[in-house]
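For reference, the structure is listed below as structure tokens.
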Amino acid sequence: MRRKIVAGNWKMNLRFQEAEELLDELATRLEKEQRSGDVEVIVCPPFPYLEMAYDLGTDEEDPNMVYFAVGAQNVSEHEKGAYTGEVSAAMLSSMNIEYCIVGHSERRKYQGETDLMVARKVESLLQNGIVPIVCCGESLEERESGNHFKVIERQLTEGLFHLEPLDFSRIIIAYEPVWAIGTGKTATPEQAQEVHAFIRNLIQEKYGKETAKQIPLLYGGSCNPATAPELFAMPDIDGGLIGGASLKAGDFISIINSFE
């Protein structure tokens with residue numbers, strides 16, 4: 001059975017005290033619910049809060065008790081050196097960060113992140129034992145012109161399909177229709193399922209049926225407590241990469257509990 005995953009992408013939000021309060025509330029509520037562990041919860045705060053998130057997400061007395069795992073929102077494609085403002089995969093690994101978002105549409109749009117850059121970042125993360133959460137998705141124009149499948153195939157082919165099977169089996173893919181991010185619009189469950197099934201079929205063609213069956217595919221496009229249950233009920237959707245709703249503990253936990 002594939003892993004069920006809910007990851008919260010905080011983006012560039014919350015001051016330190018607000019972040020601390022949210023992390024503390026999440027940990028307290030997740031501990032209280034005594035979840036069976038069938039859903040992996042990942043919190044991806046801004047870089048300055050990563051250490052705090054790791055500390056609050058792990059039980060002080062029992063390091064094996066993890067309320068939520070921690071992921072970064074980005075990583076440098078470079079190993080080290082004179083790259084002011086960048087953060088390397090080795091740095092994240094040294095802080096016990098387990099996951100990292102790569103290729104988010106906002107970075108592609110505002111920072112000019114290319115598929116080649118995504119490929120390099122994925123390689124660096126894997127070499128440092130960090131699981132990449134690799135984003136793909138189309139713009140409204142690409143969707144309306146009927147090119148969305150071609151766009152997604154290109155992103156996956158150039159960003160991921162160079163990997164050896166063992167490395168590829170360690171990744172998570174998040175489909176995020178760009179037209180549904182921060183707009184309040186959400187792809188219908190059927191639209192999302194259609195693309196997730198397409199992605200899984202591409203993986204099967206490249207890496208075989210067994211690998212395709214076990215790769216987690218997340219939906220990331222204005223997913224909230226109201227839309228999550230129907231989305232997560234789709235056969236090829238294994239969870240969500242959550243934006244705005246991850247900034248409210250109650251909403252985020254409602255989404256975590258949305259699996260049937």
Side-chain angles (χ1 to χ4, degrees), residues 1-5 7 9 40 42 44 69-81 83 86-108 111-138 142 148-178 192 195-220 236-241:
M1 181 179 287
R2 287 192 301 275
R3 296 144 62 200
K4 299 175 182 178
I5 299 169
N9 176 15
E40 292 184 41
I42 306 168
C44 302
V70 180
Q73 296 179 19
N74 182 41
V75 68
S76 174
E77 62 186 294
H78 305 289
E79 183 180 347
K80 61 180 179 180
Y83 301 103
E86 293 292 288
V87 175
S88 72
M91 292 175 182
L92 296 176
S93 179
S94 71
M95 296 173 65
N96 298 310
I97 302 305
E98 296 181 60
Y99 298 91
C100 183
I101 299 170
V102 179
H104 192 281
S105 63
E106 291 159 358
R107 292 203 59 84
R108 292 178 188 265
Q111 278 76 37
E113 195 158 298
T114 65
D115 294 325
L116 179 58
M117 292 169 68
V118 169
R120 290 172 178 163
K121 291 182 178 191
V122 166
E123 290 168 5
S124 184
L125 290 168
L126 290 171
Q127 288 166 6
N128 284 276
I130 298 172
V131 176
I133 302 174
V134 184
C135 300
C136 64
E138 80 282 3
E142 290 162 340
H148 51 296
F149 290 130
K150 289 182 181 178
V151 170
I152 291 164
E153 183 172 7
R154 187 207 74 227
Q155 290 171 340
L156 295 179
T157 300
E158 296 183 8
L160 286 177
F161 284 177
H162 64 290
L163 295 174
E164 293 298 320
L166 183 60
D167 280 338
F168 185 85
S169 69
R170 295 164 56 198
I171 67 164
I172 298 167
I173 295 175
Y175 166 60
E176 42 159 26
V178 180
V195 177
H196 280 69
F198 173 75
I199 292 171
R200 206 173 295 285
N201 187 61
L202 287 178
I203 296 170
Q204 180 171 324
E205 290 176 358
K206 174 68 177 178
Y207 292 101
K209 189 173 182 179
E210 288 308 308
T211 297
K213 280 171 61 177
Q214 61 94 18
I215 293 290
L217 303 183
L218 311 184
Y219 173 76
D236 287 295
I237 299 178
D238 305 311
L241 178 59

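Atoms considered below: every heavy atom in the structure, side chains included; atoms not considered: hydrogens, waters and symmetry mates.
The neighbour count for E79 CD, taken as heavy atoms of other residues, nucleotides or ligands under 6.0 Å away, does not exceed 12.
With rounding to the nearest 0.5 Å, the separation of CD1 in I133 from CD1 in I171 is 11.0 Å. Between the NZ atom of K213 and the CE atom of M1 there is a distance of 11.5 Å, given to the nearest 0.5 Å. Atom CG of residue L217 and atom CD1 of residue I199 lie 6.0 Å apart, to the nearest 0.5 angstrom. To the nearest 0.5 angstrom, K209 atom NZ is 6.5 Å from Q204 atom CD. Rounding to the nearest 0.5 Å gives a distance of 13.0 Å between CD of E158 and SG of C136. For the atom pair CG (D167) and CD (Q127), the distance works out to 8.5 Å, reported to the nearest 0.5 Å.
A donor-acceptor contact under 3.5 angstrom links the side chains of H104 and E176, judged on distance only. A donor-acceptor contact closer than 3.5 angstrom links the side chains of Y175 and E138.
By the 4.5 Å heavy-atom criterion applied to side chains, I173 and I203 are counted as neighbours. Residues Q111 and N74 have side chains not in contact (no heavy-atom distance under 4.5 Å, counting atoms from C-beta outward). At a threshold of 4.5 Å between non-hydrogen side-chain atoms, the residues D238 and R3 do not count as touching. Side chains of I215 and F168 form a contact here, defined as non-hydrogen atoms less than 4.5 Å apart. Using a 4.5 Å cut-off on side-chain heavy atoms (C-beta onward), R107 and K121 make contact.
Residues A72 and L92 share a closest heavy-atom pair of CB-CD1, 3.8 Å. H196 and D236 make their closest contact through CD2-O, 3.4 Å (heavy atoms, listed as atom of the first residue, atom of the second, distance). When all heavy atoms of A192 and I237 are compared, the pair lying nearest together is CB-CD1, 3.7 Å. For H162 against A119, the heavy-atom pair with the smallest separation is CE1-CB, 3.5 Å. What you find for L163 and V122 is that their closest heavy atoms are CD1-CG1, 3.9 Å. Taking every heavy atom of both residues into account, C135 and L241 meet most closely at SG-CD2, 3.8 Å.
Shown here are the ring pair (Phe, Tyr, Trp, His ring centres under 6.0 Å) partners of Y83, two or more places apart in sequence or in another chain: H78.
When E205, K206, Q155 are each tested for a side chain to side chain contact (heavy atoms under 4.5 Å, CB included) with F161, only one passes: K206.
Within the 3.5 Å criterion, the main-chain N or O of V131 finds no donor-acceptor partner in the side chain of R170. No side-chain donor-acceptor contact under 3.5 Å links R2 to the backbone of P216.
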Going by atom type alone, with no hydrogens or angles, which donor-acceptor pairs under 3.5 Å involve a side-chain atom of residues 93-101 and a protein atom two or more places apart or on another chain?
from	atom 1	to	atom 2	distance (Å)
S93	OG	N128	O	3.1
S94	OG	M91	O	2.6
Y99	OH	E40	OE1	2.8

